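What follows is one structure encoded as C-alpha cells, with my remarks underneath.
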Amino acid sequence: MANLTVVKKDMFNIVSRLKKIDKGYFVVFNNKTNHYEVHNSNQAFNTYCLTSPYDKLDCRLLDYVLKTSLVNNPNLLKDIDINNEKVVDKANEQRSNMVDSCLKDVYSVVNSSSRSYDLYRSFKTRWL
C-alpha cells in the first residue's frame, strides 16, 4: 500500500462518476507500475478490481469498468469461456501441426535412406 496514491479529484471527474456506478469504487495511482487502478471497498478480502489499460483518467476507463462489471454485462462469463475455448483450440491446432511436421520429417529421413545398416554392427564399438 506504500506505492499507492489515492486519487480524490481529477480533471474529468472520473472518480465521482465511478462512485455513481458503485459507491464503493475508488481510484488509486500505483507509483510502482505507473498505472491507475480501480478498487472497491465493498469487496470482502481485497479491494482491487482492475488496472486501467489507459495512461490517463478519462471516459474510456468508465466504459471499461462498465464492460467488466458482472452486473452490467451478464454475458461476461460466457464471453470469457468462449475466448478460453478459442485459445485452447488454437493451442491444440498448433501442437497438432508441430507433431505432423515432425512425423513428416522423420518419415522422409527414414524412407529416403538409401544406405542400409547392419543392426548388429551399427551399435557396437570396435575394440582395437
Side-chain angles (χ1 to χ4, degrees):
M1 292 299 270
N3 297 325
L4 302 179
T5 305
V6 177
V7 178
K8 297 189 181 200
K9 289 187 178 184
D10 61 288
M11 188 167 136
F12 299 114
N13 296 324
I14 300 299
V15 175
S16 62
R17 290 162 70 183
L18 277 173
K19 289 207 178 276
K20 288 180 184 176
I21 296 171
D22 187 347
K23 291 186 192 272
Y25 279 143
F26 62 96
V27 178
V28 297
F29 183 76
N30 190 331
N31 296 321
K32 197 173 198 179
T33 62
N34 290 330
H35 285 94
Y36 290 99
E37 296 177 356
V38 177
H39 291 249
N40 192 332
S41 59
N42 297 332
Q43 291 183 170
F45 300 106
N46 190 357
T47 62
Y48 176 80
C49 291
L50 59 95
T51 300
S52 174
Y54 313 111
D55 294 337
K56 299 176 180 153
L57 281 178
D58 54 15
C59 65
R60 296 178 297 174
L61 180 61
L62 292 172
D63 295 337
Y64 190 68
V65 168
L66 287 172
K67 179 182 173 188
T68 58
S69 173
L70 280 176
V71 174
N72 297 320
N73 190 357
N75 297 326
L76 184 64
L77 293 177
K78 188 187 301 182
D79 293 342
I80 290 172
D81 288 338
I82 290 171
N83 186 39
N84 287 343
E85 287 175 8
K86 287 179 184 177
V87 168
V88 168
D89 289 344
K90 185 175 180 181
N92 287 339
E93 183 180 344
Q94 287 177 343
R95 188 177 315 120
S96 175
N97 289 340
M98 185 178 69
V99 168
D100 288 345
S101 174
C102 290
L103 286 175
K104 285 179 185 177
D105 290 345
V106 168
Y107 180 77
S108 66
V109 167
V110 170
N111 224 10
S112 66
S113 174
S114 60
R115 181 178 158 201
S116 62
Y117 63 92
D118 185 12
L119 178 65
Y120 298 105
R121 288 187 177 181
S122 296
F123 298 107
K124 292 186 180 180
T125 305
R126 288 187 184 171
W127 296 97
L128 296 176

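Quick caveat, the model's predicted, so the values are computed rather than measured.
In terms of modelled atom types and a separation under 3.5 Å, the side chain of D10 and the main chain of V15 share a donor-acceptor contact. At least one donor-acceptor pair closer than 3.5 Å links the side chain of N31 to the backbone N or O of N3.
Grouping the Ile, Leu, Val, Met, Phe, Trp and Tyr side chains by contacts below 4.5 angstrom, directly or via other members, places Y64 apart from Y48. Residue L77 is not grouped with residue V87 when hydrophobic side chains (ILVMFWY) are merged at heavy-atom distances under 4.5 angstrom, including chains of intermediate members.
Listed here is the closest heavy atom pair of H35 and S52: CD2-O, 3.7 Å. The shortest non-hydrogen separation linking V27 to Y36 is CG1-CD2, 4.1 Å.
Using a 4.5 Å heavy-atom threshold, the side chains of I21 and R17 count as separate. Between N40 and T47 the shortest side-chain heavy-atom distance does not fall below 4.5 Å. For the pair L61/L50, a side-chain contact is recorded, criterion being any heavy-atom separation below 4.5 Å from C-beta on. Y25 places a side-chain heavy atom less than 4.5 Å from the side chain of V38.
Screening residues 81-92 for side-chain hydrogen bond (donor to acceptor under 3.5 Å, both in side chains), with sequence neighbours left out, gives N92-R95.
Comment: D58 engages R60 in a salt bridge, judged by a side-chain N to carboxylate O separation of less than 4.0 angstrom.
Partner V28 forms a side-chain contact (heavy atoms from CB on, under 4.5 Å) with one of L4, T5, V7 and no other, that one being L4.
The 12-atom threshold is exceeded at CG of N34, counting heavy atoms of other residues, nucleotides or ligands nearer than 6.0 Å. Atom NZ of K19 has more than 12 heavy atoms from other residues, nucleotides or ligands within 6.0 Å.
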